[in-house]
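What follows is a set of notes on a single structure, which appears directly below.
On a predicted model such as this, the values are computed, not experimentally measured, just so you know. Numbers here are sequence positions counted from 1.
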Amino acid sequence: MITHREREVKLELLSSLARSQAALARILDSIAVVSEASPELARNIAENVKLLTGMQANITEAVTGLSLKRKRRKTSSPVHPWLNTKITSIRMSSRRRRLI
């Protein structure tokens, strides 16, 4: 059971993460300006922001117990449905009859 103090600590952590996300948004705005002058510096800052975002996601998952990972859509082609071998053999025999 979560105590009142634990709940307060978790809320404070989440509030801190929200403030951190706002700061990262401001950094991303700055990257847009810097990227015109120095693409390499902008790339380095973007990599650091990506790392920070990953750390924030890990902290959020640890505090809330919820997974924040996005599910990827499968890009491969679907496989044929599995069918009972008896049904498959019946279908194959009916196909052969149609071809004859």
Query raised in the report: Got a sec, which residues hit side-chain hydrogen bond (donor to acceptor under 3.5 Å, both in side chains) with Ser20, two or more places apart in sequence or on another chain?
Result: Gln56

**Report entry** CD on Glu12 to CG on Leu14, rounded to 0.5 Å
**Finding:** 9.5 Å

Query raised in the report: Hey, does Gln21 have a side-chain heavy atom less than 4.5 Å from the side chain of Leu24?
Result: yes

Requested in this report: May I ask you to check whether over 12 heavy atoms, not counting those of Glu8, lie within 6.0 Å of atom CD?
Outcome: yes

Requested in this report: Output all residues satisfying side chain to side chain contact (heavy atoms under 4.5 Å, CB included) with Leu41, sequence neighbours left out; order by chain, then residue number.
Outcome: Val34, Ser38, Ile45

**Report entry** Partners meeting side chain to side chain contact (heavy atoms under 4.5 Å, CB included) with Thr3 (sequence neighbours left out)
**Finding:** Arg5, Glu6

Report task. Is it possible for you to say whether Met55 and Val49 belong to one hydrophobic cluster, with membership spreading through side-chain heavy-atom contacts below 4.5 Å? Result -> no

Query - Shared hydrophobic cluster for Leu11 and Leu17 (ILVMFWY, side-chain gaps under 4.5 Å) - result: no

